[in-house]
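First up is the structure itself, then whatever we jot down about it.
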Amino acid sequence: MDNAPSFLSHVRGVELLPGEHAAEFLDAEHGLRSEPTPTGRLLVATNRRIISVTEEGHTRVVQMFAADTVTAVSVRNDARRGLSWKQWATLLAGGVAAYFLLAYWLVDRLPDVVIPVINLHAMAAVLMILIVLLGWIIWRSLTDSGGSMLRIDGYNWNLEVPCTADNADLIVFAGVVLRLRSAPGSGPEHSSVREVRAAGP
């Protein structure tokens with residue numbers, strides 16, 4: 001990623017201040033970008049401000065924080081732990097046992113409705129589908145990452161951004177924010193905090 005500052009005069013409709021330049025762009029979903037993305041959650045680190053732009057439906061939220069008021073940046077990754085092969089085997093055996101016990105119990109108590117071709121009782125087929133669906137939900141919940149959170153703290157403010165971008169990109173962006181914290185031109189005269197909410201048509 002090229003660390004040379006961008007000399008754009010506007011970022012997502014936000015006009016940059018005189019002498020202000022963008023140093024890094026972070027798309028919360030796709031990671032570091034060389035130019036601002038047109039949609040989605042975007043964070044911009046400039047030599048004077050941290051700019052956050054969020055677009056959800058017809059609502060657009062722009063937040064601006066002075067770079068010299070940043071006190072800390074943290075990246076949290078909530079990666080969920082998967083099951084061992086023994087635990088998976090136990091779960092599979094429990095699912096098979098539950099299927100056979102419930103299927104045979106239901107077959108004796110419900111009308112004899114057999115699905116043609118596969119010659120399987122209708123309730124047994126429904127039960128099989130439900131157990132497979134439950135197993136898939138458990139597998140997804142245990143193997144999917146819980147995502148990451150980028151948090152920027154400042155004097156009397158904080159910004160939390162849920163991210164699916166690569167963790168390495170978040171670390172790089174956090175480093176840029178801290179480096180710019182004491183950059184020339186980020187003086188107290190720009191230490192205001194502003195939030196703008198604009199409802200779309």
Side-chain angles (χ1 to χ4, degrees), residues 1-17 20-83 133 135-154 156-181 183 186 192-201:
M1 176 65 67
D2 184 5
N3 289 327
S6 171
F7 293 97
L8 295 173
S9 60
H10 293 77
V11 175
R12 289 269 193 99
V14 178
E15 185 175 358
L16 299 185
L17 302 171
E20 182 180 22
H21 61 262
E24 199 69 86
F25 303 97
L26 177 70
D27 184 292
E29 184 177 353
H30 301 104
L32 296 177
R33 305 282 100 178
S34 58
E35 297 292 335
T37 52
T39 59
R41 183 71 181 268
L42 178 69
L43 288 176
V44 184
T46 81
N47 61 323
R48 292 189 176 179
R49 292 180 290 181
I50 307 300
I51 302 173
S52 169
V53 184
T54 308
E55 296 180 11
E56 296 181 357
H58 298 294
T59 301
R60 182 169 181 264
V61 180
V62 177
Q63 296 172 282
M64 293 174 276
F65 306 94
D68 65 342
T69 64
V70 173
T71 58
V73 185
S74 62
V75 177
R76 187 186 75 208
N77 183 259
D78 183 22
R80 296 174 183 166
R81 183 177 61 86
L83 297 179
L133 180 61
W136 179 79
I137 292 174
I138 294 173
W139 178 80
R140 284 293 302 271
S141 66
L142 291 173
T143 56
D144 282 1
S145 171
S148 299
M149 177 73 72
L150 175 67
R151 178 185 173 98
I152 305 176
D153 291 298
N156 300 318
W157 63 268
N158 65 73
L159 178 66
E160 289 190 342
V161 182
C163 300
T164 57
D166 189 79
N167 210 53
D169 285 356
L170 304 185
I171 296 295
V172 171
F173 186 82
V176 171
V177 169
L178 292 176
R179 175 172 57 84
L180 293 172
R181 178 183 181 275
S186 58
S192 60
V193 178
R194 186 184 312 167
E195 179 172 333
V196 180
R197 294 181 183 269

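Everything numeric in this text was worked out from a predicted model, so none of it was measured.
- Side-chain contact between Leu43 and Leu159 is present, with heavy atoms from C-beta onward closer than 4.5 Å.
- No side-chain donor-acceptor contact under 3.5 Å links Asp153 to the backbone of Thr71.
- You'll find the side chain of Arg151 stays beyond 4.5 Å of the side chain of Arg76, heavy atoms only.
- A 4.5 Å side-chain heavy-atom check between Leu16 and Ile51 finds at least one atom pair inside the cut-off.
- Ala165 meets the side-chain contact (heavy atoms from CB on, under 4.5 Å) test with Leu170; sequence neighbours excluded.
- Evaluation of the side-chain contact (heavy atoms from CB on, under 4.5 Å) rule for Thr37 yields Arg12, Asp27, Arg33, Leu42 as partners, not counting sequence neighbours.
- Across every non-hydrogen atom of Pro162 and Ala28, the tightest pair is O-CB, 3.8 Å.
- Expressed to the nearest 0.5 Å, how far CD of Glu160 lies from OG of Ser74 amounts to 7.5 Å.
- Considering all non-hydrogen atoms of both residues, Asp169 and His30 come closest at OD2-O, 4.4 Å.
- Qualifying salt bridge (charged side-chain N to carboxylate O under 4.0 Å, His left out) partners for Glu29, counting only residues two or more places apart in sequence or in other chains: none.
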Exercise for review: I would like to know whether Leu17 and Arg49 meet side-chain contact (heavy atoms from CB on, under 4.5 Å); could you show each step before the answer?
Suggested key: CA-CA 9 Å; Leu17 302 171; Arg49 292 180 290 181; 3.8 Å; yes

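- For the pair Ile152 and Phe173, the tightest heavy-atom approach, listed with the atom from each and the gap, is CD1-CE2, 4.4 Å.
- When side chains are defined from C-beta on, Leu26 counts as touching Leu150, because their heavy atoms get closer than 4.5 Å.
- Note that CG of Leu180 and CD1 of Ile50 are 7.0 Å apart. Values are rounded to the nearest 0.5 Å.
- Interatomic distance, CZ of Arg48 versus CG of Asp68, reported as 10.5 Å (0.5 Å rounding).
- Summarising the geometry of Thr46 relative to Ala67, their closest heavy-atom pair is O-CB, 4.3 Å, with the distance given to 0.1 Å.
- In this structure the side chain of Val70 reaches within 4.5 angstrom of the side chain of Trp157, judged on heavy atoms.
- Taken from CD in Glu15 to CD in Glu20, the straight-line distance is 10.0 Å, to the nearest 0.5 Å.
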